[in-house]
Amino acid sequence: MAVSDQGQGPYLTRFGPIERTIHALVIISFLGLVATGIPLRFAYAPWAAPFMRFLGGPGSAGFIHRVCAAITFGYFFIHLAAVTRQLIRADDKMSIFWGPRSMVPQPKDIRDVVGMFKWFLGLGPHPKFDRFSYMEKFDYWAVFWGVAIIGGSGLLLWFPTFFARFLPGWLFNVATIVHGDEALLALGFIFTIHFFNVHLRPEKFPIDLVIFTGRATAAYFEEEHPLEYERNQREDRLGQLQATAPSRATYLWSMTLGFAALAVGVVLVLLVIYALLS
Amino acid sequence: MRRSRAQGGWGSSVVGARHTLTREVIGTTLWLLGVAILGLAMPTPAAAQQRAGVVECQKCHGNRDFLVGKAGTVRGDSALFVPDTLLHDSKHAGLSCTSCHPAFAGGYPHRDAKVIAVPCQSCHQKEGDDWARSIHAPDAVTNGKAPTCTTCHGTHHILGADDPRSPTYPLNVASLCGGCHANPSIIGTYFGAADQAQARTAVSSYYKTVHGTAMTKAGLVVSATCSDCHSAHLILPPDSAQSTINRANITGTCGKCHAGVVETFNQSSHGQALRTGAKTPTGHAAPVCIDCHSSHQIVPASDPVWFRGVVKECGSCHEKEYDTYFETYHGQVTELGFGLTAKCSDCHTPHNMLPSTDPKSSVYPTNLVKTCGQCHPTANANFVQYQPHGDPRNRQAYPRLFWTWLFMTALLVSVFLFFGLHTLMWLGRITVDRLRGRATHDAEPPVTNEEKEKHP
């Protein structure tokens, strides 16, 4: 049983179908991109050549990489469309860019960062997070800009002679550096820090399924996002957010995808660490 | 004895004298006729004499069971039994036995002759001189155990190198040389410690080379074999100036067959540096054929073993280019052992490499569209501005790459430092809480002993 399903109370909705689908697409495409990218980036590592042969060679790996890139561009535009749609429909359009429920960093996030470090040192209470903690916001923007930067540079390297019609050639050198380093940042962050923050820290170990099932117990909300929970309680919206417990099928695919991603991610990051140290 | 008895037989025939006379006339006529025919067959009296000598020797040595001394102490059948057919069939068919065995010219019996001296040099002077100066010379490192003429050419049945039955026929040379150079007991006994490893692998790896497989699998006798590179008689170690495998002579040796390639090579930067003795700033001399292709491990250029090896070889002098190459997609795919992308030779040509300042160079700016176009057919002037050896650590030469690299590195370091610290401190706090039996998200700070005393 995952941490999001432990504790009291009714189940409450946290993520909608688009967010859940996008996260699943992010997982699948990102693992594909990393798995086909690291044998190149760390070609000197002893595991790289066997790994590349396992993938079917650079031709086949390149194909998988590009299919996953296409999925990435796909979910990126689905997300942009979803945000646009939300923007059109929302009564308070500014709340998307500003306020407690926004993904945009707020002054409170700075205070939360300081508060967390104080708490780490035993100098203050644990900060209370709203809908998104500063770590979740960082995750979001890292992926957002990551897709833009890695995707953009990747596109340049995918169609070099097309882009060379109107772009200078040195940009391909820059694109190579940016693509590789930003990808290294992404995989290192996701497979260690994101995994720890969201899944592997002792309170959540071994997995947090909220992003997969879209819902969690009230107890989970009170602990992880108390301000959001309290506001919903105040505004009497808890009933609106109430959801059924995840079905057996939802639970099963969530567990399967979640644990597979964790396992693959940990293996890939270990390979990278091995290569960096050797 | 037999002869005299036969004569007596003729002399005592009184009764049949007429018959005898008739037979004598017929016999003489036939004999004269025979001599005439033989005379036509043998153009010179000298040749006839030689033939006669052979016939004389064959009286004894033509006998399969001919032994000298006690049975069992004989040096070997071949030493005594020399079938006439062998000589007839050999390159030496016209020679008499004493041409090669002058010590026996005094007639027989010659069982006391201790040394069967075979002065091949008396006719084959150059070959003999070369051999005497070679690594196979009697006084060479092998202490007289080195091969002599007969070791390679045989004794009585000497055939030309163009005869498939000859041990010196191209198809047979590797196994001829391998008889010693791949024979573990001979290597162990006679080869110096330094030469043993080389000797163990040289012949066996030859068989895996393009030369060896062309010879043994395709039967191409024009392919190179041991003697083509090492020469046949003047076989010298590579540090000898006259050796065909001396660095200074390698292009000439390989050029005997690969004439076109060597001509191109001679015009290249490498070829020019080889002639002038010019060295790179890091002190590397120009490469010769064997540096890139190796000597005994020559494999086809399409083989991953070869192209990974040759890139490494180029990199042994062109260190900067080597390092930066492996930071590109080209280098990474190559390093993984796939031939999909450009290697050194694809951009710089295999043998005609010239500096990018030379208009004839494949990497001269105006030639780049064509060179890159081999793989990127739609390449244009912008595309070829790409720096295949761009070095982000070189701020002067590649400022854009330097700043990009610096920015990315700073980004990575700061993110991982911040979140690394964040994660470790978080983990530390949780561990402390758990050890004290507190709930993790307890809003209160952990109570210190001091505080406990103040607020009991």
Side-chain angles (χ1 to χ4, degrees), chain A residues 39-44 48-49 51-53 57-59 62 113 116-126 128 135 138 142 157 160-178 180-182 184-185 188-189 192-194 196-197 201-203 222-224 226, chain B residues 326-329 331-338 340-341 372 376-388 390 392 398 400-401 403-405 407-409 411-412 415-416 418-434 439-448:
Chain A
L40 273 188
R41 170 73 194 233
F42 300 102
Y44 57 84
F51 195 167
M52 192 50 113
R53 279 197 294 277
V113 172
M116 274 297 265
F117 274 95
K118 277 187 174 168
W119 175 71
F120 291 156
L121 297 167
L123 302 174
H126 191 290
K128 286 184 169 186
M135 289 162 297
F138 190 90
L157 299 170
T161 52
F162 169 77
F163 285 102
R165 287 190 207 167
F166 42 84
L167 293 175
W170 56 263
L171 218 54
F172 298 111
N173 288 85
V174 170
T176 307
I177 298 173
V178 166
D181 283 359
E182 183 79 23
L184 192 60
L185 177 65
F189 190 86
T192 59
I193 290 153
H194 172 76
F196 174 82
N197 289 350
R201 67 183 147 99
E203 315 95 287
E222 272 195 276
E223 182 161 305
E224 292 291 327
Chain B
F326 283 109
E327 285 169 19
T328 68
Y329 180 75
Q332 289 162 344
V333 172
T334 299
E335 183 153 37
L336 291 169
F338 295 91
L340 193 70
T341 62
C372 301
H376 304 275
T378 48
N380 62 9
N382 273 1
F383 179 84
V384 301
Q385 284 172 2
Y386 171 71
Q387 296 288 347
Y398 306 98
R400 291 180 184 110
L401 302 191
W403 292 113
T404 308
W405 170 79
F407 174 78
M408 292 310 297
T409 306
L411 181 69
L412 261 80
V415 167
F416 284 117
F418 178 81
F419 280 101
L421 190 70
H422 187 272
T423 303
L424 287 176
M425 288 177 77
W426 196 346
L427 205 55
R429 171 66 207 250
I430 294 166
T431 311
V432 169
D433 278 356
R434 299 242 152 167
T440 302
H441 275 213
D442 198 331
E444 298 302 319
V447 185
T448 60

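When reading the values below, keep in mind they use all heavy atoms of this one structure, side chains included, and skip hydrogens, waters and symmetry mates. In the text below, chain A, chain B and the rest are named by the order of the sequence lines, each starting its count at 1.
Counting heavy-atom pairs under 4.5 Å between each of B:Thr431, B:Thr409, B:Leu412, B:Thr404 and chain A puts B:Leu412 at the top. In terms of heavy-atom pairs under 4.5 angstrom with chain B, the leader among A:Thr192, A:Leu185, A:Asn173, A:Ile177 is A:Asn173. Of the listed residues (A:Val113, A:Leu171, A:Thr176, A:Asn197), the greatest number of heavy-atom pairs within a distance under 4.5 Å of chain B belongs to A:Asn197.
Looking at B:Phe419, the atoms closer than 4.5 Å to chain A (heavy atoms on both sides) sit in the backbone and in the side chain alike. With a 4.5 angstrom heavy-atom cutoff, A:Phe189 touches chain B via backbone and side-chain atoms both. With a 4.5 angstrom heavy-atom cutoff, B:Leu427 touches chain A via backbone and side-chain atoms both. Within the 4.5 angstrom heavy-atom criterion, only side-chain atoms of A:Phe138, from C-beta onward, approach chain B.
For the pair B:Ile430 and A:Glu203, the minimum side-chain heavy-atom distance is below 4.5 Å. Side-chain contact between A:Tyr44 and B:Glu335 is present, with at least one heavy-atom pair separated by less than 4.5 Å.
Contact between B:Phe416 and A:Leu184 at its shortest, heavy atoms only, is CZ-O, 4.2 Å. Shortest non-hydrogen contact noted between B:Leu340 and A:Gly59 is CD2-N, 4.3 Å. Nearest heavy atoms, A:Phe117 versus B:His422: CE1-CD2, 3.9 Å.
Judged by distance alone, with hydrogens and angles left aside, the side-chain atoms of A:Asp181 form no donor-acceptor pair with the main-chain N or O of B:Met408 at under 3.5 Å. When atom types are taken as modelled, the side chain of B:Arg429 and the backbone of A:Trp119 share a donor-acceptor pair closer than 3.5 angstrom.
Listed by chain and number, the residues in a side-chain contact (heavy atoms from CB on, under 4.5 Å) with A:Ala49 are A:Arg53, B:Leu336 (sequence neighbours excluded).
To the nearest 0.5 Å, atoms CG (A:Leu40) and CZ (B:Phe338) are separated by 10.0 Å.
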Compile the donor-acceptor pairs under 3.5 Å between side chains in residues 378-385 of chain B and protein atoms, sequence neighbours left out, one pair per line.
from	atom 1	to	atom 2	distance (Å)
B:Thr378	OG1	A:Thr161	OG1	2.8
B:Asn380	OD1	B:Asn382	N	3.2
B:Asn380	OD1	B:Phe383	N	2.8
B:Asn380	ND2	A:Ala164	O	3.2
B:Asn382	ND2	A:Ala164	O	2.8
B:Asn382	ND2	A:Leu167	O	3.0
B:Gln385	OE1	A:Gly169	N	2.8

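At most 12 non-hydrogen atoms from other residues, nucleotides or ligands lie less than 6.0 angstrom from CZ of B:Phe407.
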